[in-house]
Amino acid sequence: MNRHYYIAGNWKMFNTRAQSAQLAQELVNELKDGKHKYLVAPSFTNIETVSAIIQGTNIRLGAQNCAPEEQGAHTGEVSVLQLKDLGVETIILGHSERRHSYKEDDALINKKVKLALKHGFEVILCIGELLEEREAGKVEEVCETQTVKGLEGVNVLELGNVVIAYEPVWAIGTGKTATPQDAEAVHVFVRKVIGRLYGEDAASKIIIQYGGSVKPENAAELMAMENIDGALVGGASLKPESFVPIAKFA
Ligand code: PGA
């Protein structure tokens, strides 16, 4: 396999600056000999603090969202220019909490994806079905639509800066994980969609992470699947005791 493993921590709306700093410092110490690609995505208010700690280490700096416009009268939003200024390298977009709690649709997510790529960011585009969609046999339809619409207007060169995270919504923060086989089936399908859109070479190279209740106990068996190239970790990324064993899965 010519793809690398990429383990990312989405800290969501947790931690003060002091708590983020402590977590970041512990991860820097514990992961310095780690073999994979790593990322942490703190809250906007904690990015600068974390940036100072992980600078020059093997941990990348991420943000959890960005505005769909570069700048302007957009109260409460954060711009890609501001994120760039803080040293952010990667932006997570289309997370299920953004899609479902904050009603972001594919068109809005696509606008953000294109803007972030234009400014040279790596994008982690999250996709995934709701439980009722899985039960109605719509997993492929939903994942295909979110992938195709999320990437509309993105060229093959830009795709090199895109990572996809398959996160079945029913598995996020619930303790329920997709079985490695069920997750693998969706990863294979998404890779096929990428192949249709961008060709076989691009499809074989794109990193597809799995997310949804990843923990030390299930990381290795998920990562053993041929088309699962890493993890987007929420709850378990908030403590070194759980994130480090995932990041160093054997
Ligand atoms: P979880 O979250 O690991 O807590 O299920 C994953 C995510 O939301 O990215």
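In each ligand, atom 1 is the first atom listed, and ligand 1 is the first ligand listed.
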* Can you list every pair that meets side-chain hydrogen bond (donor to acceptor under 3.5 Å, both in side chains) and has a residue in residues 138-153, with sequence neighbours left out? ->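 Output for this query lists Glu144-Arg196.
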
* Asked: Is a salt bridge present between Lys37 and Glu122, judged by a nitrogen-to-oxygen distance below 4.0 Å?
  ->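 Yes, this pair counts.
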
* To do: Run the salt-bridge test on Glu69 and Lys111 with the 4.0 Å N-O cut-off and return the result as yes or no.
  =>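 So Glu69 pairs with Lys111 through a salt bridge.
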
* Asked: What residues form a side-chain hydrogen bond (donor to acceptor under 3.5 Å, both in side chains) with His119, not counting sequence neighbours?
  ->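 Once residues adjacent in sequence are excluded, the partners of His119 under the side-chain hydrogen bond (donor to acceptor under 3.5 Å, both in side chains) criterion are Glu70.
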
* Asked: What residues, two or more places apart in sequence or in another chain, satisfy ring-ring contact (aromatic ring centres under 6.0 Å, His included) together with Tyr6?
  -> none

* Asked: Can you name the residues that come within less than 4.0 Å of ligand 1, going by heavy atoms only?
  ->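 Within 4.0 Å of ligand 1, protein side: Asn10, Lys12, His95, Glu167, Ala171, Ile172, Gly173, Gly212, Ser213, Leu232, Val233, Gly234, Gly235.
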
* **Full working for side chain to side chain contact (heavy atoms under 4.5 Å, CB included) between Leu238 and Phe243** => CA-CA 7 Å; Leu238 292 167; Phe243 191 63; over 6 Å; no

